[in-house]
Amino acid sequence: SISALQTATSTASGEIATLKTQVTAGGGNLLVNTDLALDTSGWIFNSGIGGSGGRNLPDASWYPATENVLTIVQANSTASGQSDWTQNIALQGDKWYDVSVGAASHRANIQVYLQCIDASGNVLATGTTGLIAPAGGGNTLASFPVCKFKIQAPAATVRGILYLRKFGTLSDANSYAWFLRPQVAETTATKASPVAYSVGSARATIVTQATAITTLNTQYASLSTTVSTQGSSISSQATAITNLQGRAATLESTVSAQGASISTLQSATSTTAGDVAILTTRVNASAPNILKEGSLANGLTGWATSGGTWVVTSGEDPVWGRYASVTGSVNSYASTASRTA
C-alpha cells in the first residue's frame, strides 16, 4: 500500500507539472477546463427542469472520439423551462469578447449567453447566439456547428457568466444537448468571429489534482503511522516468541535430563511387577493347612501324646520350620483340634 501511494503521488505530481506548463502556454481562452480531460471541474450545472448534467453522455456514439463534451440529458417530456452549464470568469470594462462553442441537440432548442456584471452583481449587458433549433450531434467535429457572437463589455464590468443552455423537450419522452470546445476570448470590434479555439486554463483541474495529492499524502502519513505502531507490536510479539522458544528449550533439556531417572524407574517397576507375579504364583500354588495347630506356634497345645517324651523345637528349621521330636517308646501323636477347611 505504501508503494502504491508513493506511485500515485508521483504520478499526480507529474500531472500537476504538466498542467502548470499548459497554463503557462495557454492561449487567450478565459474559461477553465474547456477540454474536460478528467471531469467537469470549474463548471456549474443547474438542473432546472429535471435535466441531468454530465460528461460524454449517453455514450460514444454522440461525440467525436478525440473530444469530450458537456452533456444535458432530460429524461422527461416537460416542454417549458431550461437546464444549463455555467462558468464564472473575470472580464474588463470596454473590452470586446468573442464567445464560441460547438453545439448540438436532439428534440430541444439551445442557446448560449454571456452576461456582463458589475461589482455590485448587476447584469449590465447580455450577449447571445439567439435560439438555436435542434441539429447536429455525432462522431465528427463537423457535426457540431459553431455557435458564436461578440460583445463589448460595459465600462463598469468586472466579471461575467457564460451560460450553455438547453430548453425543454419538444417531442417524445426525452431530449439531449451537447457542447464542446467552449471559448471566451478577448477580441476587437473588427476582428472576424470566431477567434481560433485554444484550450482554456487548467486551473480547475490543477485544484482537483492538488486536492488528490493532499489526500494521498494524508493517507500515506496515516499508513506510515499505522506501520510504525504495528512495528512496536510486532517487536513485542517477536520478543514473546523468543521467550517461549527459550522456555521450550529449557523444558526439553529438563526432560532429557530426567530421561535416565525415568528409565531407571521403569526398570524398577518392571522388576517389582515380576516379583509380584512370582509371589502371586507361589501363594496361589500353596495348599492351606487344615490343622488348626499345624504350625506348632503354640507348642503342643491342641495335641495329645501317647508314649515317649515330646518336645517342640524353639527355632525354625530351614526346611521344616517348627517341629516336634520324641524320645523313648512312641505310640502316636494326634491333634485334638480341627481346622475348618
On a heavy-atom basis, the closest approach of V158 and A119 is CG2-N, 3.5 Å

Does the N76 side chain pair with the main chain of T78, one donor and one acceptor, at a distance under 3.5 Å?
yes

Within one Ile-Leu-Val-Met-Phe-Trp-Tyr cluster: L164 and L114, side-chain cutoff 4.5 Å
yes

Ignoring hydrogens and angles, state whether a donor on the side chain of Y197 or T34 is under 3.5 Å from an acceptor on the partner side chain.
yes

Side-chain heavy atoms of Y97 within contact of L30, under 4.5 Å
yes

Note, Q74 side chain near S83 side chain (heavy atom, < 4.5 Å)
no

Taking the side chain as everything from C-beta on, heavy atoms only, tell me whether C116 gets closer than 4.5 Å to I151.
yes

Please walk me through it: do L180 and L141 pass side-chain contact (heavy atoms from CB on, under 4.5 Å)?
CA-CA 9 Å; L180 58 76; L141 278 175; 3.9 Å; yes

What pairs of residues pass the salt bridge (charged side-chain N to carboxylate O under 4.0 Å, His left out) test when at least one of them lies in residues 44-64, not counting sequence neighbours?
none

Quick check: does any side chain N or O of H106 sit under 3.5 Å from a backbone N or O of G137, one acting as donor and the other as acceptor?
no

Applied to residues 177-200, the salt bridge (charged side-chain N to carboxylate O under 4.0 Å, His left out) test, sequence neighbours excluded, yields E67-R181, K95-E186

Could you check if a side-chain atom of L162 sits within less than 4.5 angstrom of a side-chain atom of L31, using non-hydrogen atoms only?
yes

Could you report the tightest heavy-atom contact between T169 and S175, atom names first, then the distance?
OG1-OG, 2.8 Å

Worked verdict on T86 versus D84 for side-chain hydrogen bond (donor to acceptor under 3.5 Å, both in side chains)
CA-CA 6 Å; T86 66; D84 45 48; 5.4 Å; no

Chi angles and distances behind the side-chain hydrogen bond (donor to acceptor under 3.5 Å, both in side chains) call for T129, K148
CA-CA 6 Å; T129 58; K148 57 186 173 50; over 6 Å; no

Non-hydrogen side-chain atoms of K150 and T187 separated by less than 4.5 Å
yes

Are I161 and V184 connected in the hydrophobic side-chain network, where two residues link if heavy atoms are under 4.5 Å apart?
no

When the ring centroid of Y176 is compared with that of W178, is the distance short of 6.0 Å?
yes

Indicate yes or no for a side-chain donor-acceptor contact from N29 to the backbone of A185 under 3.5 Å, with no hydrogens or angles considered.
no

Please find the pair of heavy atoms, one from N109 and one from P134, that lie closest to each other, and give the distance.
OD1-CD, 3.3 Å

Given the rule that I, L, V, M, F, W and Y join up when any side-chain heavy atoms are under 4.5 Å apart, are V69 and L57 in one cluster?
yes

Side chains of L36 and L70: does their closest heavy-atom pair fall under 4.5 Å?
yes

Hydrophobic clusters here meaning ILVMFWY residues chained together by side-chain heavy-atom distances under 4.5 Å, can you tell me if V99 and W43 are in one?
yes

Which heavy atom in S198 sits nearest to a heavy atom in G28, and how many Å separate them?
OG-N, 3.5 Å

Check the side chains of Q92 and T157 for a donor-acceptor pair under 3.5 angstrom, ignoring hydrogens and angles.
no

Linking I/L/V/M/F/W/Y whenever any side-chain heavy atoms sit under 4.5 Å apart, do V101 and F149 land together?
yes

For A108, is there any backbone N or O sitting under 3.5 Å from a side-chain donor or acceptor partner on S105?
yes

Restricting to non-hydrogen atoms, name the atom on F144 and the atom on P64 that form the minimum distance, rounded to 0.1 Å.
CE1-CD, 3.7 Å

For the residue pair N33 / S41, report whether a side-chain donor-acceptor contact shorter than 3.5 Å exists.
no

When F179, Y113, F45 are each screened for ring-ring contact (aromatic ring centres under 6.0 Å, His included) with W85, the one that passes is F45

Least distance between heavy atoms, G168 atom then I49 atom
CA-CD1, 3.5 Å

Within the side chain of T128, is there an N or O that forms a donor-acceptor pair under 3.5 Å with the backbone of G130?
yes

Just so I know, are the side chains of N88 and R159 near enough to count as touching, which here means a heavy-atom distance under 4.5 Å?
yes

Side-chain contact, heavy-atom cut-off 4.5 Å: V112 with I110?
no

